[in-house]
2 protein chains.
Amino acid sequence: MKLTTKGRYAVTAMMDLALHAKIGCVSLVDVSERQNISLAYLEQLFRSLKKSGLVNSIRGAKGGYMLAKGDKEISLADILVAADEQINLACGGSACSENTPCLTHGLWTNLSNQFYEFLDSKSLNDLVKSRDVQTMATMQDVTQIGNIPVQISK
Amino acid sequence: MKLTTKGRYAVTAMMDLALHAKIGCVSLVDVSERQNISLAYLEQLFRSLKKSGLVNSIRGAKGGYMLAKGDKEISLADILVAADEQINLACGGSACSENTPCLTHGLWTNLSNQFYEFLDSKSLNDLVKSRDVQTMATMQDVTQIGNIPVQISK
DNA sequence: CCGATACCCGAGTAAATCACTCAGGTTTTA
DNA sequence: TAAAACCTGAGTGATTTACTCGGGTATCGG
Ligand code: FES
Ligand code: FES
């Protein structure tokens, strides 16, 4: 029962977007630097997120990504599903959905549903509001701002 | 977010043991046939279950396995953990447990704990009592009994 | 005491999945 | 027109999964 990095990164990236929503759109280079995620991997990931309608994009210089909906409208489950992270504990095989299920089939589908409900009840806004996320986010932005003089002095 | 077959099989096998507890000990050949799980794989699996103290074994002919505790004392979480199914959504890497966690680290450990609590609240007895498990189990036993005449006629 | 039954154990392996990377595009702004 | 940024398909090394194999060793019934 574990998550792939794709799912984990997707949530991190979406939180980054939500935290910087007031700026307008956020470039993946920024996200990549702040969250230490490979840029190429992020691009691949954001294709999925866009296809699922969770983010909008603006092309060209000064472009970037932004949330397609309010952060209260996006749930943890939405993000995970968009990142190909299926919330299904049952076996995916052909025998599974058929008329001859195994002894535990019902158990897993039941559990999966309950987990999904739970994850769907947590909005991106809920996550972003949390105390430790806030402090960590400001830390990230401070180091970001700290870099600006260096860039100007060039 | 998915389960490995090891975890899934472990729960199935433990349920089989619980369902046939009255008989005494159950051989893995029986479990293998009833639940359609490779015998060799089951043996490997039961090594883990035994090491974790969930089952006891009796060697030799007429031997087999039996639950080491009452089915109310064994939780779903116990079984999954025994089958090397770690319930941890955070990244397992070295950076993870250290002093510089990512933006979502707290979220995942939190979630993992809640999932664990939930899985730990379900006992093997709870699972076995469920309506569809009961009917499926009797079906398995009927076909089992149905085979006996064939064996005698040999 | 012999052979069948069944647990015990370490190691190996094909297939699948993961976690990326690469090499190019195209669109927009300054 | 150059740079910034999004967009896309394809490829790949490493890891994990889901087993199998080939041997043991203990116990029982006859
Ligand atoms: S979980 Fe798929 S049939 Fe058992
Ligand atoms: S989950 Fe491991 S540091 Fe983020």
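Quick caveat, the model's predicted, so the values are computed rather than measured.
Residue B:K51 contributes atom NZ, which lies 15 Å from atom C1' of C:dC7 at whole-angstrom precision. Across the protein-nucleic acid pair, A:Q35 atom CD and C:dA19 atom C1' stand 18 Å apart, rounded to whole Å. Note: CG (A:L39) to P (C:dA19) measures 18 Å, nearest angstrom. The interatomic distance linking A:L28 (CG) with D:dT8 (P) rounds to 13 Å, in whole Å. With rounding to whole Å, A:N56 atom CG is found 15 Å from D:dC7 atom C1'. Computed from coordinates, the B:N36 CG to D:dA18 C1' distance equals 16 Å when rounded to whole Å. Across the protein-nucleic acid pair, B:L3 atom CG and D:dT17 atom P stand 11 Å apart, rounded to whole Å. When the P atom of C:dA19 is taken as reference, atom CD1 of A:I37 falls 13 Å away, rounded to whole Å.
There is no path of hydrophobic side-chain contacts, each under 4.5 Å, that joins A:V31 to A:I58. Residue A:L67 is not grouped with residue A:I23 when hydrophobic side chains (ILVMFWY) are merged at heavy-atom distances under 4.5 angstrom, including chains of intermediate members.
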Contacts under 3.5 Å, N or O only, protein and nucleotides 27-30 of chain D:
from   : atom 1 : to    : atom 2 : distance (Å)
D:dT27 : O2     : B:A61 : N      : 3.2

Polar pairs (N or O, both sides) under 3.5 Å between protein and nucleotides 13-18 of chain C?
none

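For B:S130, the side-chain contact (heavy atoms from CB on, under 4.5 Å) test picks out B:D132, B:V133, with sequence neighbours left out. B:K50 is linked by a side-chain contact (heavy atoms from CB on, under 4.5 Å) to B:V55, B:S57, counting only residues two or more places apart in sequence or in another chain. The side-chain contact (heavy atoms from CB on, under 4.5 Å) test applied to A:K129 returns A:N125, A:D126, not counting sequence neighbours.
Side-chain atoms of B:Q134 come within 3.5 Å of backbone N or O of B:V128 as a donor-acceptor pair.
Identified under the ring-ring contact (aromatic ring centres under 6.0 Å, His included) test for residues 62-95 of chain B, with sequence neighbours left out: B:F46-B:Y65. Legend: ring-ring contact (aromatic ring centres under 6.0 Å, His included) pairs involving residues 67-87 of chain A, not counting sequence neighbours: none detected. Residue pairs that meet the ring-ring contact (aromatic ring centres under 6.0 Å, His included) test with at least one member in residues 16-38 of chain B, sequence neighbours left out, do not exist here. For residues 106-119 of chain A, the set of pairs meeting the side chain to side chain donor-acceptor pair (under 3.5 Å) definition, not counting sequence neighbours, comprises A:T104-A:W108.
Distances shorter than 4.0 Å separate some side-chain N or O of B:S38 from OP1 or OP2 on D:dT20. Residue A:Y9 has a polar side-chain atom (N or O) positioned under 4.0 Å from OP1 or OP2 of C:dC20. For the pair A:S27 and D:dC6, the criterion of a side-chain N or O lying under 4.0 Å from OP1 or OP2 is not met.
Mapping B:R8 and A:Y65 onto DNA chain D by nearest heavy atom places A:Y65 closer to the 5' end of the strand.
A donor-acceptor pair shorter than 3.5 Å cannot be found between the side chains of A:Y41 and A:S32.
Taken residue by residue, residues 10-18 of chain A places no heavy atom nearer than 4.0 Å to DNA chain C. Of all the residues in residues 42-49 of chain B, B:E43, B:Q44, B:R47 reach under 4.0 Å from DNA chain C with at least one non-hydrogen atom.
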#### Entry: Check against side-chain contact (heavy atoms from CB on, under 4.5 Å), B:M14 and B:V11
CA-CA 5 Å; B:M14 289 294 280; B:V11 174; 5.8 Å; no
### Task
Starting from the C-alpha separation in whole Å, work towards a yes-or-no answer on side-chain contact (heavy atoms from CB on, under 4.5 Å) for B:L76 and A:L107.
CA-CA 11 Å; B:L76 199 43; A:L107 168 66; 4.3 Å; yes
Donor-acceptor pairs under 3.5 Å, side chain of residues 84-93 of chain B to any protein atom, not counting sequence neighbours: which ones?
from  : atom 1 : to    : atom 2 : distance (Å)
B:D84 : OD2    : B:K6  : NZ     : 2.7
B:E85 : OE1    : B:T4  : N      : 3.3
B:E85 : OE1    : B:T4  : OG1    : 2.6
B:E85 : OE1    : B:G7  : N      : 3.4
B:E85 : OE2    : A:M1  : N      : 2.9
B:E85 : OE2    : B:T4  : N      : 3.3
B:N88 : OD1    : B:A90 : N      : 3.1

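Across all strands shown, A:V26 has heavy atoms under 4.0 Å from sugar-phosphate atoms exclusively, and none from any base.
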